[in-house]
Amino acid sequence: MGFEPISATAAVVAASQLAGGAASALSQYQGAKTAKAIGRANEENLSGQSRLTMDEQRENTSRLRDNAALAMGQLHADAGKSGLATEGSVAVREQAVANRLETEIRDQARQSLLKAQELRHQGRLAAWEGNVQARAGKLSAAGSLLGSFGNSANYLSK
């Protein structure tokens with residue numbers, strides 16, 4: 001079995017198969033890079049939303065504590081105006097109101113924390129999905145290249 005020259009037509013067909021495979025692989029590789037970039041951008045966006053949620057929560061907690069202090073002061077002043085002693089049932093009432101206000105503040109803070117954690121989790125998931133899609137795209141690109149080489153070799157061997 002010696003070397004047999006190939007026809008110009010066969011060379012053109014083989015070259016076009018290689019070029020088509022290379023173009024397909026390039027497209028898949030670019031898609032992989034884009035998927036990864038989108039995943040990272042989504043992660044950054046969701047992480048930013050998480051930070052904003054926590055900033056808002058700190059501000060709301062501060063405001064709610066200020067409002068609670070005002071409400072407690074007003075409650076104490078109202079009891080004093082009515083001539084009631086600030087001990088006994090008035091003190092128990094004030095403590096119950098303070099406990100309720102603090103519970104509301106903590107419940108709201110907990111909800112904000114949970115929301116921020118969920119946003120961070122969604123961001124990590126978006127980055128992971130982008131990485132998975134990028135790996136799949138790169139493997140697909142490699143498959144396209146190998147397939148086009150195989151097709152060209154098969155065509156030329158006939």
Side-chain angles (χ1 to χ4, degrees), residues 15-154:
S16 67
Q17 287 177 336
L18 288 173
S24 178
L26 179 62
S27 173
Q28 290 163 339
Y29 182 77
Q30 292 299 330
K33 286 175 48 177
T34 301
K36 189 170 187 173
I38 289 171
R40 285 186 178 162
N42 286 339
E43 180 183 29
E44 289 175 17
N45 180 34
L46 290 163
S47 180
Q49 288 180 27
S50 174
R51 283 190 300 277
L52 288 174
T53 297
M54 291 308 297
D55 290 346
E56 182 181 2
Q57 179 269 320
R58 282 188 285 279
E59 180 63 33
N60 286 342
T61 296
S62 176
R63 186 174 31 77
L64 288 171
R65 287 197 193 286
D66 290 346
N67 289 344
L70 289 173
M72 290 305 298
Q74 186 63 46
L75 185 65
H76 191 71
D78 290 347
K81 284 181 189 176
S82 68
L84 297 173
T86 57
E87 57 232 15
S89 64
V90 172
V92 169
R93 180 174 173 246
E94 286 178 356
Q95 186 61 45
V97 170
N99 287 342
R100 182 182 54 78
L101 291 172
E102 184 62 23
T103 298
E104 288 175 8
I105 291 168
R106 289 181 183 201
D107 285 348
Q108 185 194 51
R110 183 177 49 80
Q111 289 298 325
S112 294
L113 177 63
L114 291 173
K115 180 180 177 185
Q117 286 175 338
E118 181 181 344
L119 288 168
R120 282 192 302 273
H121 174 72
Q122 288 175 354
R124 287 190 300 270
L125 183 61
W128 177 80
E129 287 173 342
N131 286 335
V132 167
Q133 290 175 354
R135 273 187 242 121
K138 289 175 184 176
L139 284 173
S140 202
S144 290
L145 280 176
L146 290 174
S148 68
F149 286 132
N151 288 340
S152 294
N154 185 40

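Excluded from the calculations below are hydrogen atoms, water molecules and symmetry mates; all remaining heavy atoms, backbone and side chain alike, are included.
- Considering Q49, E44, R51, E43 as possible partners of S47, the one that fulfils the side-chain hydrogen bond (donor to acceptor under 3.5 Å, both in side chains) test is R51.
- Using a 4.0 Å cut-off between a side-chain N of Lys or Arg and a carboxylate O of Asp or Glu, D66 and R63 do not qualify as a salt bridge.
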Checklist entry - Is there a side-chain contact (heavy atoms from CB on, under 4.5 Å) between N131 and K36 once you walk through the steps? => result CA-CA 5 Å; N131 286 335; K36 189 170 187 173; 3.2 Å; yes
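- The two residues A134 and A35 have their closest heavy-atom pair at N-CB, 4.3 Å.
- A salt bridge links R100 with E104; the closest basic N to acidic carboxylate O contact falls under 4.0 Å.
- T61 and Q57 are linked by a side-chain donor-acceptor pair at a separation below 3.5 angstrom, with hydrogens and angles left out of the test.
- If you check the side chains of Q122 and E118, you find a donor sitting under 3.5 Å from an acceptor.
- Here the CD1 atom belonging to I38 is positioned 11.5 Å from the CD atom belonging to E129, to the nearest 0.5 angstrom.
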Next on the checklist: Run the side-chain contact (heavy atoms from CB on, under 4.5 Å) test on R65 and E102 for me, step by step, so that the C-alpha distance in whole Å, both residues' side-chain angles and the decisive distance to 0.1 Å come before the verdict.
Outcome noted: CA-CA 8 Å; R65 287 197 193 286; E102 184 62 23; 2.5 Å; yes
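- In terms of heavy-atom proximity, L119 sits nearest to L46 at O-CB, 3.5 Å.
- Annotation for R120: atom CZ counts as buried by contact number, over 12 foreign heavy atoms lying within 6.0 Å.
- Across all non-hydrogen atoms, the minimal contact from L145 to A22 is CD2-CA, 3.8 Å.
- In terms of heavy-atom proximity, S152 sits nearest to L18 at OG-CG, 3.3 Å.
- Summarising the geometry of A116 relative to S50, their closest heavy-atom pair is O-OG, 3.0 Å, with the distance given to 0.1 Å.
- Atom CD1 in I105 sits 8.5 Å away from atom CG in N67 (nearest 0.5 Å).
- In this structure, the side chain of S144 engages the main chain of S140 through a donor-acceptor pair within 3.5 Å.
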Checklist entry - Does the side-chain contact (heavy atoms from CB on, under 4.5 Å) test come out yes or no for W128 and R124, once each step is laid out? => result CA-CA 6 Å; W128 177 80; R124 287 190 300 270; over 6 Å; no
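- Looking at every heavy atom in both residues, S112 comes nearest to T53 through O-CG2, 3.5 Å.
- Of the possible polar contacts, one joining the T103 side chain to the N99 backbone as a donor-acceptor pair under 3.5 Å is found.
- Within the model, atoms CG of N60 and CG of D55 stand 11.0 Å from one another, a figure rounded to the nearest 0.5 Å.
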